[in-house]
Amino acid sequence: MALCLKSHSHLAAAATTSQTLKSVRTYNETMAARLLATTARRLAMPAAAALTATTAAACDSQKEDRLEALERRIAALEPRKTNPTDHWASDLLAADVLFSERDIEQMVGSLATQISRDYAGRDVVIVGLMDGVFMFLADLSRKIDTQHQLDFISASSYGLGTVSSGNVRIKKDADTALAGKHVLLVDEICDSGRTLASLKLLISQRNAASVKTCVLLDKVSRRQADIRPDYVGAVCPDEFVVGYGMDWGGKLRSLPFVGVVRRELYES
Ligand code: 5GP
Ligand code: MG
């Protein structure tokens, strides 16, 4: 894997050759397999754990460090906790909490530490993708230990459903002129990756000094667009999740933990 990528700018510069695209795919698949295997072990999901078999070592040392840190963080998460049956949302949620308040606090703290270190002394604008990011960004921003400006973009997402339409439409743009600024785009969850990929491109075209991406949760197994967030709190299994800002048709945003919507409620 000589073409294993040191940064996304290298990726962008070289993305015209089919060899590079093939390497990107292999790299992302490897990442996905390893991270899913770690998540699956924690969540005791045998099918996803079987992905380990397809895993090959394909990361350069820098990425390996980041991957290992993420794997350690996932491994340290609380064992599954059952949603209390007397909780007001228990009729809508699957039996197990996916990420507890303590898990989230740990992930946010670790992301804030990395971001504070990487952006110290730089002119950074953190752009949150509304609406789902509000709780995550409120916590993250308070823990980032370096000067940063905040702004918000609202782009279209799922509406009432649970499947991405793939159409990304800007409903509210950032107010800040982003040219020459270091921009960190923050979303609560990356699924197909189309939203982040489109917005990253848009902001690059505005001549930002750099554009990186941060998500609390990454559904790596569902990636369609060629993007891998630079900062990830944890890998998320292929479930429709709610809480900590994430909604299901406008409901369940206010939950302080991340749960899973019962599949029978949206699958016929
Ligand atoms: P993408 O463009 O990556 O397919 O979708 C990203 C956006 O879709 C996120 O910002 C979020 O609003 C929404 N999304 C993706 N997966 C989920 C999920 O499991 N639950 C909820 N509530 N929203 C999701
Ligand atoms: Mg969103």
Side-chain angles (χ1 to χ4, degrees), residues 8 28 31-32 35-36 39 43 45 48 83 89 92-94 96-99 103-104 107 111 126-140 150-174 184-203 211-267:
H8 279 286
N28 282 338
M31 286 278 286
L35 292 172
L36 272 177
T39 310
L43 299 175
M45 290 161 54
N83 279 315
L92 303 175
L93 297 175
D96 293 317
V97 168
L98 194 53
F99 297 104
D103 291 337
I104 293 170
M107 295 189 258
L111 289 171
I126 299 187
V127 178
L129 303 190
M130 295 305 287
D131 299 329
V133 85
F134 80 97
M135 222 182 261
F136 172 41
L137 191 50
D139 287 345
L140 184 69
L150 287 163
D151 206 332
F152 301 92
I153 289 180
S154 178
S156 66
S157 177
Y158 291 88
L160 291 174
T162 57
V163 179
S164 172
S165 65
N167 299 320
V168 176
R169 188 171 56 87
I170 305 278
K171 293 188 282 186
K172 185 253 167 219
D173 209 335
L184 180 62
L185 265 174
V186 181
D187 202 356
E188 71 285 1
I189 187 165
C190 185
D191 184 7
S192 71
R194 290 192 190 102
T195 309
L196 274 184
S198 309
L199 292 175
K200 188 173 177 178
L201 180 66
L202 182 85
I203 292 173
V211 191
K212 283 191 177 184
T213 52
C214 168
V215 292
L216 179 70
L217 300 178
D218 191 359
K219 288 186 186 173
V220 281
S221 65
R222 288 176 48 87
R223 197 59 26 85
Q224 303 278 322
D226 181 15
I227 187 154
R228 181 168 42 80
D230 299 282
Y231 303 94
V232 174
V235 176
C236 187
D238 183 8
E239 300 281 358
F240 193 77
V241 298
V242 284
Y244 201 60
M246 292 175 280
D247 73 316
W248 177 50
K251 292 181 192 159
L252 303 171
R253 270 194 210 284
S254 63
L255 294 172
F257 56 86
V258 175
V260 174
V261 175
R262 287 177 191 269
R263 273 191 187 261
E264 65 266 28
L265 295 178
Y266 61 88
E267 277 181 359

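In what follows, residues are counted from 1 in the order of the sequence shown. Computation of the quantities below employed the complete heavy-atom set of this structure, encompassing side-chain atoms and omitting hydrogens, waters and symmetry-equivalent molecules. Counting starts at 1 for both ligands and their atoms, in listed order.
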Decide, yes or no, whether a salt bridge links [X] with [Y] under the criterion of side-chain N to carboxylate O below 4.0 Å.
| X | Y | result |
| --- | --- | --- |
| Arg194 | Asp226 | no |
| Arg263 | Glu239 | yes |
| Lys212 | Asp230 | no |
| Asp191 | Arg223 | no |

[X] neighbourhood, listing ligand 1 atoms whose heavy-atom distance to it stays under 4.0 Å:
| X | value |
| --- | --- |
| Asp247 | 21 (C), 22 (N) |
| Asp187 | 9 (C), 10 (O) |
| Met246 | 22 (N) |

If I apply the N/O under 3.5 Å rule, does [X] come out as touching ligand 1?
| X | value |
| --- | --- |
| Lys219 | yes |
| Val241 | yes |
| Gly193 | yes |

* Asked: Taking both backbone and side chain into account, is any N, O or S atom of Asp131 nearer than 2.8 Å to the Mg ion (ligand 2)?
  -> no
Backbone, side chain, both or neither: what part of [X] comes under 4.0 angstrom of ligand 1, heavy atoms only?
| X | value |
| --- | --- |
| Glu239 | backbone |
| Glu188 | side chain |
| Thr195 | both |

To the closest 0.5 Å, what do you measure between [atom1] ([X]) and [atom2] ([Y])?
| X | Y | atom1 | atom2 | value |
| --- | --- | --- | --- | --- |
| Asp218 | Cys190 | CG | SG | 5.0 Å |
| Leu196 | Arg228 | CG | CZ | 13.0 Å |
| Glu188 | Asp131 | CD | CG | 9.0 Å |

* Asked: Should Phe240 be listed as contacting ligand 1, given a heavy-atom distance under 4.0 Å as the test?
  ->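 Distance cut 4.0 Å: Phe240 passes for ligand 1.
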* To do: Would you name the N/O/S atom of Glu188 that lies closest to the Mg ion (ligand 2)?
  => OE2
* Assign the ring pair Tyr244 / Phe136 to parallel, tilted or perpendicular, where the plane angle (0 to 90°) is split at 30° and 60°. => tilted
